[in-house]
Amino acid sequence: MVRVRFAPSPTGYLHIGGARTALFNYLFARKNNGKFILRIEDTDFERSNKEYEEVIMRDLRWLGLEWDEGPDIGGPYKPYRQSERLDLYKEYANKLIQEGKAYYCYCTEEELEVQRKLQLKEKKPPIYDRRCLNLTDKKRQEYINEGRKPSVRFLVPYKELEITDLIHGKLSIDTKIISDPIILKSNGVPTYNFGVVIDDHFMEITHVIRGDEHLDNTYRQVLIYESLDWQIPFYAHIPMILAPDRSKLSKRHGATSVEELKKLGFINKAVINYIALLGWSPKDNTEIMFLDQIVSKFDLSGVLDHPAVYDIEKMKYFNHYYIANILSDSEILENLNQLLAISNLGYNLDDDLKLKVIKLEKNRVYLLTDFFELFDIIEKDPEIKEDVLNELKSIDRNVFEVIINSLNDFEYYDDMEKIKGYLKDVSKGNDIKVGQLYKSIRLLLTGKSEGPELPKIIYLLGKEKTIKRINVVKQFV
């Protein structure tokens, strides 16, 4: 059975790259009737945070990526947190030491730094010189007496190592350029390359699908697998995600975490659709796909072997398409209410009024937060600042009277087309230019000279609130 895993470190929010890695693992598992496992690599005790673990799980579920085994639901290979598996790492580090495949290293950080600088000065690669490999008992005891606590280093066997990657094909390296890696720190905590091998083996992971920035790690991990005489999983290294200018993706390129995307007003279906196409494309070149459709089309052969480009503007287009063409009004409302719940904006609008806004605006908006402009206008009485007050004072008093009388007499506030027609008739019948009439009413209703179409505002406010606002604001002038 295919078994894959997503193993984030709970040291921050779920990044777009991590979300894409989780998605590709999920797709591969579902396409092959396998298992998708969530494992938490929380052995960076200084930076790991339980809150981030919860956010990562929440965001994965928001994306629709449910796991079959994990720290919250358990499974046959528990525990699923590295911090709960420390004894296992120590056991296999000791096994490698006993077999002469690993050794204790007593070097201090300062000594290692001196060695590294010297090698760089001599234009040599910074590779550990194995000074602790054949320590005498006397020297070892001296170090112990000094209070030095040893780490454990893996003894890299020198050879030409070849691996086959499901995306990049055959890759090889002369292991003489690989420094003996520390596999167990002096505090008993495993390093990444060791912990991941132990966990993947005992969780029977068959395929490791991750970013190609891990290619160098893979050589070290394969060597550890070989030293333990364990079955090596298949590897597939998916392309890096770059910014539109081909630089490393960072916050200056827009939202880069799922949490940020949620708060900006992205739809989960649109996000998962867009992320799926970062470094992969289906054979039929379909772009708009639901998650189950992506599963049915997914194949590692369609994954690119060169970097993908993350463009938040293009993702906004996907979001717009889902809002305008795919989601029903009630689905948009559900997403809007979820967004409002996490935004704490305090809008006190009933769902019927929100649905009115949705019907009017869904073909125009790109983000759910775009709906908030009209929510603000409906909910908040206009703020009359000095510049607005000056504009209001410049309006002819007769125009005020025309506006108040006309809007008092008009009855069809529930019909957008009738509102448009009536405003045009008021303009023509009172010899007031349409632009002046619209601007005057907009200032009275919103305190702004620009914004959404005036008939929309009147329609959404309704007669009572429209007349009330005009009467209140009129008092200022």
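Any value given below was found using the heavy atoms of this structure, including those in side chains, with hydrogens, waters and symmetry copies removed.
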Note: [X]-[Y] ion pair, threshold 4.0 Å (strictly below):
{"X": "Arg47", "Y": "Asp44", "answer": "yes"}
{"X": "Asp299", "Y": "Lys31", "answer": "no"}
{"X": "Lys362", "Y": "Asp370", "answer": "no"}
{"X": "Arg442", "Y": "Glu450", "answer": "no"}
{"X": "Arg30", "Y": "Asp68", "answer": "yes"}

Check the orientation of [X] and [Y]. Use parallel for under 30°, tilted for 30 to 60°, and perpendicular for over 60°.
{"X": "His320", "Y": "Tyr317", "answer": "tilted"}
{"X": "Tyr347", "Y": "Phe372", "answer": "tilted"}
{"X": "Tyr13", "Y": "Tyr52", "answer": "perpendicular"}

Quiz item: Can you tell which of Ile40, Thr43, Thr11 makes a side-chain contact (heavy atoms from CB on, under 4.5 Å) with Ser48?
Solution: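 Filter result, single survivor: Thr11.
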Taking side chain as C-beta onward, heavy atoms only, is [X] less than 4.5 Å from [Y]?
{"X": "Glu453", "Y": "Lys420", "answer": "yes"}
{"X": "Leu65", "Y": "Arg61", "answer": "no"}
{"X": "Leu23", "Y": "Leu63", "answer": "no"}
{"X": "Leu423", "Y": "Ile441", "answer": "yes"}
{"X": "Arg210", "Y": "Ile238", "answer": "no"}
{"X": "Tyr413", "Y": "Ile458", "answer": "yes"}
{"X": "Tyr274", "Y": "Tyr310", "answer": "yes"}
{"X": "Phe400", "Y": "Leu444", "answer": "yes"}

For the side chain of [X] and the backbone of [Y], is there at least one donor-acceptor N/O pair under 3.5 Å apart?
{"X": "Thr218", "Y": "His214", "value": "yes"}
{"X": "Arg246", "Y": "Leu242", "value": "no"}
{"X": "Thr446", "Y": "Lys448", "value": "yes"}
{"X": "Thr21", "Y": "Gly17", "value": "yes"}
{"X": "Gln293", "Y": "Phe290", "value": "yes"}
{"X": "Thr369", "Y": "Leu264", "value": "yes"}
{"X": "Ser9", "Y": "Glu41", "value": "yes"}
{"X": "Asn344", "Y": "Leu340", "value": "no"}
{"X": "Arg469", "Y": "Leu445", "value": "yes"}
{"X": "Asn285", "Y": "Ser281", "value": "no"}

Should the heavy atoms of other residues, nucleotides or ligands under 6.0 Å from [atom1] of [X] be counted, would the total exceed 12?
{"X": "Lys263", "atom1": "NZ", "answer": "no"}
{"X": "Phe234", "atom1": "CZ", "answer": "no"}
{"X": "Lys456", "atom1": "NZ", "answer": "yes"}
{"X": "Asp409", "atom1": "CG", "answer": "yes"}

For [X] and [Y], which heavy atoms make the closest approach, and how far apart are they?
{"X": "Val55", "Y": "Glu259", "value": "CG1-OE1, 3.7 Å"}
{"X": "Thr206", "Y": "Met1", "value": "CG2-O, 3.3 Å"}
{"X": "Leu367", "Y": "Asn319", "value": "CA-ND2, 3.7 Å"}
{"X": "Ile183", "Y": "Ile224", "value": "CG2-CD1, 4.2 Å"}
{"X": "Arg85", "Y": "Tyr77", "value": "NH1-O, 3.5 Å"}
{"X": "Leu461", "Y": "Ile377", "value": "CD2-O, 4.0 Å"}

Can you tell me how far apart [atom1] ([X]) and [atom2] ([Y]) are? Round to the nearest 0.5 Å.
{"X": "His15", "Y": "Arg20", "atom1": "NE2", "atom2": "CZ", "value": "11.0 Å"}
{"X": "Phe266", "Y": "Ile323", "atom1": "CZ", "atom2": "CD1", "value": "9.5 Å"}
{"X": "Phe410", "Y": "Asn405", "atom1": "CZ", "atom2": "CG", "value": "15.0 Å"}
{"X": "Phe318", "Y": "Ile272", "atom1": "CZ", "atom2": "CD1", "value": "12.5 Å"}
{"X": "Lys262", "Y": "Leu14", "atom1": "NZ", "atom2": "CG", "value": "9.5 Å"}

Self-check item: Evaluation steps, side-chain contact (heavy atoms from CB on, under 4.5 Å), between Asp212 and Met240
Solution: CA-CA 6 Å; Asp212 57 14; Met240 288 180 66; 3.0 Å; yes
Practice problem: Using the side-chain contact (heavy atoms from CB on, under 4.5 Å) rule, take Trp280 and Leu300 through it: C-alpha gap first, then chi angles, then the decisive distance, then the call. | Solution: CA-CA 8 Å; Trp280 171 78; Leu300 284 176; over 6 Å; no
[Y] versus [X], side-chain donor and acceptor atoms under 3.5 Å:
{"X": "Tyr322", "Y": "Asn273", "result": "yes"}
{"X": "His237", "Y": "Asp165", "result": "yes"}
{"X": "Thr191", "Y": "Asn193", "result": "no"}
{"X": "Glu379", "Y": "Asn348", "result": "no"}
{"X": "Ser257", "Y": "Glu260", "result": "yes"}
{"X": "Asp199", "Y": "Tyr89", "result": "yes"}

Determine, using ring centers only, whether [Y] and [X] are less than 6.0 Å apart.
{"X": "Phe202", "Y": "Trp230", "result": "yes"}
{"X": "Phe298", "Y": "Phe24", "result": "yes"}
{"X": "Phe28", "Y": "His207", "result": "yes"}

Practice problem: Report yes or no: is the cationic atom of Lys418 (NZ for Lys, CZ for Arg) under 6.0 Å from the centre of the six-membered ring of Tyr412, at an angle within 45° of the ring normal? | Solution: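 Ring-cation test returns yes.
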Quiz item: For Lys354 and Asp351, what are the C-alpha separation, side-chain angles and deciding distance, and is it a salt bridge (Lys or Arg N to Asp or Glu O under 4.0 Å)?
Solution: CA-CA 5 Å; Lys354 290 175 193 169; Asp351 284 351; 3.6 Å; yes
Exercise. For the pair Glu69 and Arg3, evaluate salt bridge (Lys or Arg N to Asp or Glu O under 4.0 Å) and give the outcome as yes or no after the intermediate values.
Key: CA-CA 10 Å; Glu69 302 168 25; Arg3 288 178 58 82; 2.7 Å; yes
Practice problem: Run the numbers on Tyr92 and Phe194 for ring pair (Phe, Tyr, Trp, His ring centres under 6.0 Å), then give the verdict. | Solution: CA-CA 9 Å; Tyr92 281 88; Phe194 189 57; 8.0 Å; no
Quiz item: Going through the distances and angles, do Glu287 and Lys314 end up as a salt bridge (Lys or Arg N to Asp or Glu O under 4.0 Å)?
Solution: CA-CA 12 Å; Glu287 277 206 318; Lys314 186 170 183 181; 3.6 Å; yes
